[in-house]
Amino acid sequence: MKGLYKVLPPFAPDYSGVCSVLFELGGLVIVHDAGGCTGNVTGYDEPRWYGNSSATFSSELREIEAVVGDDEKFLDRIEEAAKDLKRGFIAILGSPAPMVIGTDYRALAGVISQRTGLPSLAFDTNGIRYYDEGASMAFLELARQFVKPPALREQVVNIIGATPLDIGNERHIKKIASLLLEAGCKKVSCWGLGSTLEDIEEAGRAGLNIVVSRSGLAAARYLQREYKIPYLTGLPVGKASTCHFIKGVRFLFDYDYDLNGPSNTAHPGTNDPTALVIGEQVISNSIRDCLRMDFGVNRVTVASFFGLDKSLTEKGDIFLGHENDLTILVKKHHYDFIVGDPLYKELLSAGGHSFIEIPHVAVSSRLYWDNDLDYIGYEGTEFFKQAIKHKDERKIL
Amino acid sequence: MSKTKPFCLSVCELGSTGSADRRRVMPPNYLHYCPPSAGGWGIIRVGLLVPESVMLFVSPAGCGRHGAIAGIQLGFKKRLFFLHISELDIVTGQHLEKVFQAVAEILAEVRPRPKAMTICATCIDDLLGSDYDAIAKELESKHGIPVRACHMDPITMDGKTPPPFTVQQAVYDFIPRSDEKELAVNIIGSFAPFAQDSEFHEIMSAAGLEKVRHIADCSTLEEFYRMGRATHNILVKPGGRLAVRAMERKLGIPYCFAPVAYGLDTIDRNYRMLEKFLDIQLSTEEYREEARETADHYRHMIGSLTVAVGETANASPFEMARALIGYGFHVPYVFADMTLDIDQEHIEWLKCHAPDIKVFTNVHPTMVDFLQQKLTVDLAVGFDAGYFCSGAKTLPLSLDEQLYGYRGVASFFRQMLKVLENPQNHREQMYASGMVI
């Protein structure tokens with residue numbers, strides 16, 4: 001039945017997405033919850049939590065406050081914490097319980113701003129939607145609230161959409177940043193991973209935004225509309241795709257116009273090998289490019305339990321609304337290769353495919369977040385080559 | 001970003017605000033910090049102690065995530081199912097209808113067919129006033145297996161029926177009343193049975209009490225039901241308080257609270273209390289002597305140590321601090337969020353004998369910058385103390401193993417020595433334990 005999950009764990013919720021984006025930005029982030037939701041974030045959705053002094057808190061909502069609608073206690077707690085802890089902004093996020101009582105976060109954020117003198121952000125999260133929507137809200141809100149109109153344009157690149165929930169290890173972003181510097185960019189600022197709020201304030205100067213997950217799209221589109229900053233979508237995975245990525249960046253920076261080279265447009269034959277990539281859309285698309293361009297696996301379908309943007313969707317790509325949808329999809333179609341989080345394996349019965357594991361923190365949480373796979377950049381080719389070479393040994397049936 | 005001094009009280013300042021049996025260390029009305037070391041077994045894992053049972057967790061997707069991941073880590077996920085609630089469900093109440101469909105599907109597919117089921121609801125159903133007990137009754141008659149409702153609703157945490165207590169009540173509520181009685185005791189409150197080497201079984205056996213039962217020793221529902229035949233319940237951890245009270249009402253089994261302790265005098269007092277409760281003579285002197293000798297032996301081997309004690313340890317942190325001071329160690333810090341009624345006498349003792357002890361809470365917002373304090377101790381007992389005293393060697397003293405009585409003390413000392421000689425990576429060990437807030 002729809003909504004019944006017998007195998008997969010619940011995925012990272014929207015409030016985890018918001019918290020992940022704001023984690024490194026020096027704010028006071030408050031999840032309006034009874035404690036358990038914050039425990040989800042800090043224990044299971046935030047690999048950077050251990051040893052860090054990021055100020056993410058629970059409001060400790062209690063039944064009586066919810067029943068009588070006593071927001072004053074919530075406001076007092078925040079005011080008190082703002083006095084004790086000097087942080088640059090305040091963000092309040094929703095959870096299921098305050099959703100039920102119809103909490104107006106925007107109004108509360110307004111009061112908080114007045115009382116503390118700090119900019120306050122409000123996120124109407126509810127723990128029902130998934131992390132990608134929360135992260136998208138947070139990136140967009142950062143763009144709206146903090147990016148200043150640029151006085152000049154520079155060869156700066158913003159990477160938008162990177163959180164550990166999608167990207168996993170921060171090393172992946174460092175690699176993309178070094179490729180961008182290699183391509184001639186003067187500075188790379190990755191929102192939410194290694195950048196400060198000041199970097200985001202200056203983000204309007206950028207000549208290019210790189211969107212590395214669907215959750216960065218809304219902010220990138222906003223910046224394009226407001227400040228005419230173009231954006232590219234995708235990550236460099238594998239040799240051909242990385243060359244193409246660098247050329248694309250150089251083209252947009254006007255270094256050269258030679259965009260010839262391998263293309264990721266596929267013209268599949270019916271006997272070509274087939275693959276299914278299950279995961280976040282932008283990352284999955286980038287893996288699809290690698291499989292096509294480096295290995296000639298032209299018939300690749302992307303499937304996702306998370307949001308799909310129409311402009312990035314190919315014919316045949318599929319949104320998975322429920323656990324059963326994935327089982328049915330794999331029963332219906334034969335795939336030679338399936339790429340995705342290891343937890344999906346249990347849902348994929350017969351089929352003779354080879355499963356290539358790329359953990360997705362938003363799915364499998366801490367189970368694999370210390371795994372350090374090297375698939376971004378030129379090394380992506382070697383990573384998938386090894387995985388494809390061992391197809392026979394890795395068959396799940 | 002300026003760093004703030006963490007909130008802290010001297011043990012002498014520990015106040016008396018709050019209900020009689022549970023008092024917060026931190027004053028009310030603060031945001032709560034959730035350190036990486038927060039958590040314990042969690043509601044789901046406790047609920048699944050019922051043998052041959054499965055659990056259906058009914059909630060918005062986010063609520064069950066930590067329990068599910070811990071379930072995969074620790075191997076109980078196969079018995080755990082999630083029914084995700086949508087916004088439309090909340091508005092229409094349709095999710096309550098869907099519970100019936102979900103249960104039918106689970107029982108039709110899972111093999112062997114579950115013999116019992118727990119339905120777990122969350123905060124939002126408390127606010128919506130959903131009646132899961134009525135649903136459980138209906139499911140029970142429809143499917144012919146016992147079904148109980150439990151709640152993972154931290155929104156009630158400050159009330160008289162917080163979820164860590166009510167879940168244990170729900171677990172033991174599966175046991176039917178039995179007219180057949182036998183001379184046996186149940187151990188309630190702990191999630192693991194007493195360690196194999198505990199003298200408890202020998203002492204009881206010598207006094208003619210052969211049967212000591214614990215839920216985690218029961219591999220079948222039938223075996224679990226036999227706990228209903230016992231003549232006495234012994235409560236060893238406060239979390240089982242509602243459960244034993246309910247068992248007294250429903251099953252007619254009286255209870256006695258003899259909490260886990262690490263000081264020899266406190267252990268002795270527990271046994272004397274049990275003598276009265278069970279109305280039998282318990283010969284404990286040789287075990288006490290053995291424990292004293294073992295403690296002296298290890299204390300000599302280990303030498304002087306400074307020890308921080310945390311709340312996540314399988315102990316009352318104040319009793320543990322008192323015991324450690326009694327064995328000759330220096331205890332400068334305790335990490336605790338609550339003080340319970342059973343802590344009071346130990347707190348009073350510490351006020352007289354170790355008034356300089358600083359008490360930190362894990363949850364005060366200022367704890368976010370705590371690692372800047374760089375507190376140094378040799379040993380931390382409990383993951384929380386180990387996290388906040390980051391250079392210390394950590395003895396988790398987890399809830400997965402239940403030390404009890406005199407040999408519990410000996411075991412504690414052995415574990416202490418092992419940790420000092422071969423410390424483990426705190427982060428790895430803590431994440432592997434699958435703790436859930």
Side-chain angles (χ1 to χ4, degrees), chain A residues 1 3-6 9-16 26 30 33-45 49-51 53-63 66-67 73 76-78 80-81 84-88 95-97 99-101 126-128 130 343 364-367, chain B residues 1-4 29-36 38-39 59-66 68-69 71-73 77 81-87 90 98 101-102 105-106 109 122-124 126-128 152-159 365-366 368-369 371-372 387 390 427 430-431 435-437:
Chain A
M1 73 176 276
L4 179 62
Y5 279 65
K6 290 177 264 185
F11 306 131
D14 51 4
Y15 50 74
S16 288
I30 299 112
D33 78 323
C37 304
T38 309
N40 252 336
V41 177
T42 58
Y44 287 81
D45 287 334
W49 189 243
Y50 190 98
S53 60
S54 178
T56 305
F57 299 108
S58 162
S59 67
E60 288 287 299
L61 176 69
R62 290 293 173 256
E63 200 167 26
V67 169
K73 281 205 173 90
D76 286 349
R77 287 169 196 163
I78 293 174
E80 199 61 40
D84 281 346
L85 305 163
K86 304 299 173 206
R87 297 296 198 264
S95 73
M99 172 194 59
V100 169
I101 56 169
N126 60 17
I128 290 173
Y130 292 143
L343 294 186
S364 54
S365 174
R366 58 165 69 159
L367 297 174
Chain B
M1 229 180 279
S2 70
K3 303 298 174 195
T4 315
N29 275 339
Y30 279 91
L31 297 177
H32 271 221
Y33 174 57
C34 181
S59 74
C63 305
R65 180 160 168 78
H66 40 18
I69 297 293
I72 296 169
Q73 271 187 290
K77 174 66 180 71
F81 304 89
F82 291 89
L83 179 60
H84 292 184
I85 296 180
S86 69
E87 283 165 83
I90 292 166
K98 289 180 184 173
Q101 200 186 336
E105 189 170 322
I106 292 163
E109 285 182 18
T122 61
C123 300
I124 58 162
D126 283 13
L127 295 174
L128 295 170
M152 191 185 88
D153 51 353
I155 202 162
T156 64
M157 196 61 99
D158 291 344
T366 53
V368 72
D369 290 332
L371 295 183
Q372 311 283 328
Y387 178 72
S390 54
R427 180 180 179 275
M430 197 191 71
Y431 280 148
M435 293 201 309
V436 168
I437 191 170

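Keep in mind it's a predicted model, so treat the numbers as computed, not measured. Numbers restart at 1 for each chain; the letters A, B, ... are given by sequence-line order, proteins then strands.
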Asks: Checking side-chain contact (heavy atoms from CB on, under 4.5 Å) for the pair A/Asn126/B/Glu87: CA distance, chi angles, key distance, verdict?
Replies: CA-CA 9 Å; A/Asn126 60 17; B/Glu87 283 165 83; 3.4 Å; yes

Asks: Where is the tightest heavy-atom contact between A/Ala34 and B/Pro154, given as atom of each residue plus distance?
Replies: CB-C, 3.6 Å

Asks: Run the side-chain contact (heavy atoms from CB on, under 4.5 Å) test on B/Lys98 and A/Leu4 for me, step by step, so that the C-alpha distance in whole Å, both residues' side-chain angles and the decisive distance to 0.1 Å come before the verdict.
Replies: CA-CA 9 Å; B/Lys98 289 180 184 173; A/Leu4 179 62; over 6 Å; no

Asks: Go through the atoms of B/Ala38 and report whether side chain, backbone, both or neither lie under 4.5 Å from a heavy atom of chain A.
Replies: neither

Asks: Closer than 3.5 angstrom, by distance alone: can the side chain of B/Tyr431 be matched with the main-chain N or O of A/Leu367 as a donor-acceptor pair?
Replies: no

Asks: Is it the side chain or the backbone of A/Asn40 that comes within 4.5 Å of chain B heavy atoms, both, or neither?
Replies: both

Asks: Using non-hydrogen atoms and a 4.5 Å limit, figure out which bit of B/Ile69 sits close to chain A: side chain, backbone, both or neither.
Replies: both

Asks: Contact part of A/Ser16 toward chain B, heavy-atom cut-off under 4.5 Å: side chain, backbone, both or neither?
Replies: neither

Asks: So do B/Ser59 and A/Pro96 actually touch side chain to side chain, heavy atoms under 4.5 Å?
Replies: no

Asks: Side-chain contact, heavy-atom cut-off 4.5 Å: A/Thr42 with B/Tyr33?
Replies: no

Asks: Go through the atoms of B/Met435 and report whether side chain, backbone, both or neither lie under 4.5 Å from a heavy atom of chain A.
Replies: backbone

Asks: Heavy-atom pairs under 4.5 Å with chain B: which of A/Tyr15, A/Phe11, A/Tyr44 has the most?
Replies: A/Tyr44

Asks: Would a 4.5 Å heavy-atom cut-off, applied to side chains only, mark B/Pro365 and A/Asp84 as touching?
Replies: no

Asks: Can you tell me how far the CD1 atom of A/Ile101 sits from the CG atom of B/Leu128, to the nearest 0.5 Å?
Replies: 11.5 Å

Asks: Considering only heavy atoms, which portion of A/Ser95 lies under 4.5 Å from any heavy atom of chain B: side chain, backbone, both, or neither?
Replies: neither

Asks: Flag the pair A/Glu63 / B/Asp126 as yes when at least one side-chain heavy-atom distance between them is below 4.5 Å, and no otherwise.
Replies: yes

Asks: Counting heavy-atom pairs under 4.5 Å to chain A, which of B/Glu109, B/Gln101, B/Arg427 comes out on top?
Replies: B/Arg427

Asks: How far does CG of B/Leu31 sit from CG of A/Leu85, to the nearest 0.5 angstrom?
Replies: 8.5 Å

Asks: Taking all non-hydrogen atoms of both residues, which atom of A/Lys6 and which atom of B/Phe81 are closest, and how far apart?
Replies: CG-CD2, 3.5 Å

Asks: Quick one: pull up CD in B/Glu105 and CE in A/Met1 and give me the separation to the nearest 0.5 Å.
Replies: 7.0 Å

Asks: Heavy atoms only: give me the nearest B/Ile155-A/Ala66 pair and the separation to one decimal.
Replies: CD1-CB, 4.1 Å

Asks: Walk me through it: do A/Thr38 and B/Ile437 pass the test side-chain contact (heavy atoms from CB on, under 4.5 Å)?
Replies: CA-CA 9 Å; A/Thr38 309; B/Ile437 191 170; over 6 Å; no

Asks: Given that the side chain runs from C-beta out, which part of A/Asp45 has a heavy atom under 4.5 Å from chain B: side chain, backbone, both or neither?
Replies: side chain

Asks: Does any heavy atom of chain B fall under 4.5 Å from the side chain of A/Ile78, the backbone, both, or neither of them?
Replies: both

Asks: Please round to the nearest 0.5 Å and tell me the distance separating atom SG of A/Cys37 and atom CZ of B/Arg65.
Replies: 13.0 Å

Asks: NZ of A/Lys86 to CG of B/Asp369: how many Å apart, nearest 0.5 Å?
Replies: 12.0 Å

Asks: Do B/Lys77 and A/Leu343 touch side chain to side chain, with heavy atoms closer than 4.5 Å?
Replies: no

Asks: When rounded to the nearest 0.5 angstrom, what distance separates OG in A/Ser53 from CD in B/Gln372?
Replies: 6.0 Å

Asks: Between A/Gly51 and B/Tyr387, which heavy-atom pair has the shortest distance, and what is it?
Replies: N-OH, 2.8 Å

Asks: Report yes if the side chains of B/Ile90 and A/Ile128 come closer than 4.5 Å at any heavy-atom pair, otherwise no.
Replies: yes

Asks: Among B/Ala61, B/Pro35, B/Ala68, B/Ser86, which has the most heavy-atom pairs under 4.5 Å with chain A?
Replies: B/Ala61

Asks: Does any heavy atom of chain A fall under 4.5 Å from the side chain of B/Cys34, the backbone, both, or neither of them?
Replies: both

Asks: Parallel, tilted or perpendicular for A/Tyr5 and B/His84, by the 30°/60° rule?
Replies: parallel

Asks: Shorter than 4.5 Å, heavy atoms on both sides: which option in A/Ser59, A/Gly36, A/Ala81, A/Gly43 has the most such pairs with chain B?
Replies: A/Gly36

Asks: With a 4.5 angstrom heavy-atom cut-off, which part of B/Thr122 approaches chain A: side chain, backbone, both or neither?
Replies: neither

